[in-house]
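This chain uses plain numbering: 1 for the first residue, then up along the sequence. Not measured: the values here are computed from a predicted model. As the structure lists them, so they are numbered: ligands from 1, and atoms in each ligand from 1.
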Amino acid sequence: MSTEPQTLLEAVRHFADPDVTHNTMVELRWPSGVHCPTCGRTDVRFIATRRMWECKEKHPKKQFSSKVGTIFEDSPLSLDKWFVAIWQIANCKNGVSSYELARAIGVTQKSAWFMLHRIRLAMQTGSFIKSGGDAEADETFIGGLAKNMHQAKRAKVITGTGGADKAMVMGILRRGGEGQPSRVKAGMVQDRSGETLKGAIKSAVEPGQKVYTDALPAYRGLSAEYVHEVIDHAVEYVRDHIHTNGIENFWSLLKRTIKGTYVSVEPFHLDAYVTEQTFRFNERKKNDGGRFRDVLSAVAGKRITYKELTRNVSEANA
Ligand SMILES: [Zn+2]
């Protein structure tokens, strides 16, 4: 694709042509050829005038567009709007709020909020593979999330110490090496017990590797399976290779995004924002077009309804 866009402006112009948008979608969604999302048949008939296909099998959704079975299904919005939304969230360092997106593409804030959450599903590309390599592990509190929560939910989410009114996220950063950037795996945890934190490490790091943590007692016992190196932040922050600066840098990016762009985040959705930041961090060496393609090629097989998204919250407000 020699005319592949490199900037937001180029992307907007490029995808203003419905045929270009259609072809891009088909190429990335079905790299090995179009098949029916319902039954998998590949001998489907293309109806060019409608940009749809017809399956020869007898089943519901016999006629399908490229949106069927993706995060775009049931959305009345045209693909060019979706593509601009993906471009923005995949590439804006600090994320993009539903208010900004709504203004940029001319939809309501509520629609934009829903779009962004659907796109975050496609950002769960699972690109973190458990493997060797030195790792840094750390946990952090994301603040001020609890003010709108119901009492029962507060009690469930807020545990641990020092974090009243906050939710906790655990992260593991695998350090990079020759041409390999470091990668992060992160997600919400319910408490900071040894079982929880060490369990997260074991799910992400092969035994025998070096694991760097701070002096939190919950990390004690890691040396049974790992070369556990501890940096006591009461004493120092770096000793040779022993530090957790990589994962702490990720926390500051995450917090900047949440505070600066999303202002407040319901705990129910915190993992989605962590996913978004993790995606941009892990794919940071790619260019804007590369990150856009990564997300667009992962839109199939992931759907969520507005009801599911909002089942625990009073409003969509970030
Ligand atoms: Zn079929």
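A salt bridge does not link Arg13 to Glu10: none of the charged nitrogens lies less than 4.0 Å from a carboxylate oxygen. Of the charged side-chain nitrogens involved, at least one lies within less than 4.0 Å of a carboxylate oxygen, so that Lys202 and Glu225 count as a salt-bridged pair.
Hydrophobic cluster of Val68: the remaining members, joined at side-chain heavy-atom separations below 4.5 Å, are Val26, Trp30, Val34, Val44, Phe46, Trp53, Phe64, listed by chain and number.
Protein-derived N/O/S atoms nearer than 2.8 Å to the Zn ion (ligand 1) total 4, waters excluded.
Side-chain contact between Gln63 and Arg50 is present, with at least one heavy-atom pair separated by less than 4.5 Å. With contacts defined as side-chain heavy-atom distances shorter than 4.5 Å, the pair Asp294/Phe279 qualifies. With a 4.5 Å cut-off on side-chain heavy atoms, Val169 and Val189 do not count as touching.
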